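Structure, as structure tokens:
Here is the naming used below: chain letters follow the sequence lines, and residue numbers restart at 1 for every chain. Being a predicted model, the structure only gives us computed values, none of them experimental.
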Number of protein chains: 2
Amino acid sequence: MIHEAPASTPRTRPATQRKRKEILDAAIDIFGNKGYANGTLADIADQVDITHAGVLHHFGSKQNLLLETLAYRDESDVADLDDQHIPDGPELFLHLVRTAVVNSRRAGIVQVYTVLSAESVTDDHPARPFFESRYSTLRGEVADAFRVLCHQEGITEPATINAASASILAVMDGLQLQWLLHPQDIDLAEASEFAIRAIVNAVLRPGPELSAYSRG
Amino acid sequence: MIHEAPASTPRTRPATQRKRKEILDAAIDIFGNKGYANGTLADIADQVDITHAGVLHHFGSKQNLLLETLAYRDESDVADLDDQHIPDGPELFLHLVRTAVVNSRRAGIVQVYTVLSAESVTDDHPARPFFESRYSTLRGEVADAFRVLCHQEGITEPATINAASASILAVMDGLQLQWLLHPQDIDLAEASEFAIRAIVNAVLRPGPELSAYSRG
DNA sequence: CTAAAGTTACTTACCAGCAAGTAAGTTAAT
DNA sequence: ATTAACTTACTTGCTGGTAAGTAACTTTAG
């Protein structure tokens, strides 16, 4: 077995890397605004003043471009983070609220995820594995945060942790969709904070069942 | 002005109405499984054993078929309901939970809404007005239910009602997406009930802020 | 009641446009 | 001199929509 030469391939031409990023940014824009199925390589190519064949030269296929686009977005998100990893414990919940605040200033990014994650459930969609693993990972991280929090508050871990973890990601996604449809009516940051707080508190102190409100 | 003869147009041929419904059912299936942009008239036509031109004969255009498909789904939902209208007051929250239970048995329907609602935020999507008005209406109904509930519980309406209304719809949508991606891992009914309960209780009794958990 | 006339529900055939991908050539940097 | 970064030109396959025809059914006239 041979060591893979790490920097051997002179693919690292500075202008090339720059162009690739340009294309990836354009892809985020187009896939966000038109979807993967409906956005075209020519749309993307136009934005960076090359032809669609030029895009294919860099990324090989449309499908591969999509995958690299998703990976690219993720790594720039991580890069934004101070210390390379998402906070754990109760800090995570505050981090999620901050994320919502940040997101309300970048509709483009929000739209790619909203459109592509939903599109990914369609037949044989190339982005499906990406979103499957993304949600699995995120749910795991949120669940861990809940466990830490319960321990900290001296509460035995309730059975609701899994439902709550999924629910937190769910509200965030669902609010984003409504916000994209009605930017005026929905305050993404405020609503996200309210909902996350509601769910976190419900894990720690369940409160009455819904049926309690229906009979006097 | 002449009275429009109500039964004059013999468009109401029984077999025709049946065929139209067949096509609409097929459209739900195809748009759900492939999206609007990616699903084709030929796909739909195949399922009802006619040609794509036959589908166009009935619906005029692909776009119009989409719109009629969405309307068709809505009216069959209303028809399912005993008394033609969605319950108001606190009963609404229980109704939403029941909806989640029912939905967990019909992935097809869930998938159309999930895929199309997200796709609708893309440029000039024909279904956008449909989903805009749908969410506006639903948020209004949920907000009304909250007002009735607050009055019933003797609480002055808190400022969180709007955020809560959007959040309830949001969790339901978001959970559906995760459930479509991981049917094994997500219990749609259970998680929906948990989240709705959490949000309803948070409106009535806010509980501590998130930051309270981060400093001992 | 029947036959003609008209309408509906399609089919077949076609088109124009687009989209992804390929192949071969051209320019420019290393 | 190579190799990368493209462009131009083309192919292939699909897609929505149209046009024209046909068979079956419905309505109307006599």
Side-chain angles (χ1 to χ4, degrees), chain A residues 5 7-27 29-31 33-69 119 122-127, chain B residues 5-27 29-31 33-69 116 119 122-127:
Chain A
S8 73
T9 46
R11 173 215 245 176
T12 325
R13 205 140 98 189
T16 301
Q17 291 291 57
R18 228 178 301 131
K19 197 73 183 179
R20 280 178 61 94
K21 294 209 171 192
E22 264 185 69
I23 295 171
L24 289 169
D25 285 328
D29 185 71
I30 293 299
F31 289 150
N33 283 317
K34 310 187 77 172
Y36 172 70
N38 208 34
T40 71
L41 293 176
D43 290 334
I44 294 162
D46 280 354
Q47 286 205 10
V48 296
D49 287 304
I50 59 174
T51 64
H52 88 275
V55 173
L56 285 171
H57 168 72
H58 285 290
F59 292 95
S61 72
K62 187 189 185 187
Q63 175 169 331
N64 186 252
L65 172 60
L66 170 66
L67 267 20
E68 294 215 36
T69 302
E119 194 178 326
T122 60
D123 292 347
D124 300 316
H125 197 283
Chain B
S8 73
T9 46
R11 177 215 242 173
T12 325
R13 207 140 98 189
T16 301
Q17 290 290 57
R18 227 178 301 131
K19 198 73 185 180
R20 278 177 63 94
K21 293 208 170 191
E22 264 185 69
I23 295 171
L24 289 169
D25 285 328
D29 185 70
I30 294 299
F31 289 151
N33 284 316
K34 310 186 78 174
Y36 171 70
N38 207 35
T40 71
L41 292 175
D43 290 335
I44 293 162
D46 281 353
Q47 285 204 12
V48 295
D49 285 307
I50 60 174
T51 63
H52 88 274
V55 173
L56 285 170
H57 166 72
H58 285 288
F59 293 94
S61 71
K62 187 190 184 186
Q63 174 169 330
N64 186 250
L65 173 59
L66 170 66
L67 267 20
E68 294 216 33
T69 301
L116 292 182
E119 195 178 326
T122 60
D123 292 346
D124 299 317
H125 197 282

Send over the distance from [X] [atom1] to [N] [atom2], rounded to a whole Å.
{"X": "A/Ile50", "N": "C/dA20", "atom1": "CD1", "atom2": "P", "result": "14 Å"}
{"X": "A/Gln17", "N": "C/dT30", "atom1": "CD", "atom2": "C1'", "result": "16 Å"}
{"X": "A/Ile30", "N": "C/dA20", "atom1": "CD1", "atom2": "P", "result": "11 Å"}
{"X": "A/Ile44", "N": "C/dC18", "atom1": "CD1", "atom2": "P", "result": "17 Å"}
{"X": "A/Phe59", "N": "C/dA19", "atom1": "CZ", "atom2": "P", "result": "20 Å"}
{"X": "B/Asp49", "N": "C/dA9", "atom1": "CG", "atom2": "C1'", "result": "15 Å"}

ask   = What does nucleotides 11-20 of chain D look like as a protein-contact string, B for base, S for sugar-phosphate only, - for none, at under 4.0 angstrom between heavy atoms?
value = ----SBBB--
Verdict with reasoning, B/Leu116 to B/Leu66, per side chain to side chain contact (heavy atoms under 4.5 Å, CB included) = CA-CA 10 Å; B/Leu116 292 182; B/Leu66 170 66; 3.6 Å; yes
Candidates C/dC10, C/dT11, D/dC6 - which lies nearest the side chain of A/Lys19 =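 For A/Lys19, the side-chain atoms sit closest to D/dC6.
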query = What's the closest nucleotide to the B/Thr16 side chain, out of D/dT7, C/dC10, C/dA9?
reply =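 My answer, after comparing the listed nucleotides, is C/dA9.
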inquiry  = My understanding is that only residues two or more places apart in sequence, or in another chain, count here; which of them pass side-chain contact (heavy atoms from CB on, under 4.5 Å) with A/Asp46?
reply    =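 For A/Asp46 there are no side-chain contact (heavy atoms from CB on, under 4.5 Å) partners, ignoring immediate neighbours.
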ask   = What are the two closest heavy atoms between B/Arg20 and B/His58, and how far apart are they?
value =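 The pair with the smallest heavy-atom distance is NH1-O, 3.2 Å.
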key: Phosphate OP1/OP2 of D/dC6: any A/His57 side-chain N/O under 4.0 Å   =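 Answer no for this pair, as no side-chain N or O of A/His57 is under 4.0 Å from OP1 or OP2.
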ask   = A/Asn64 and A/Ser61: side-chain donor and acceptor closer than 3.5 Å?
value =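 No, A/Ser61 and A/Asn64 have no side-chain donor paired with an acceptor closer than 3.5 Å.
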Show me the side-chain donor-acceptor pairs of residues 47-54 of chain B shorter than 3.5 Å, one per line, residues at least two apart or across chains.
unit_1, atom_1, unit_2, atom_2, d
B/Gln47, NE2, B/Asp29, OD2, 2.7
B/Thr51, OG1, B/Gly54, N, 3.4

query = NZ/B/Lys19 to CD/B/Glu22 distance, rounded to the nearest 0.5 angstrom?
reply =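 If we round to the nearest 0.5 Å, B/Lys19:NZ and B/Glu22:CD are 4.5 Å apart.
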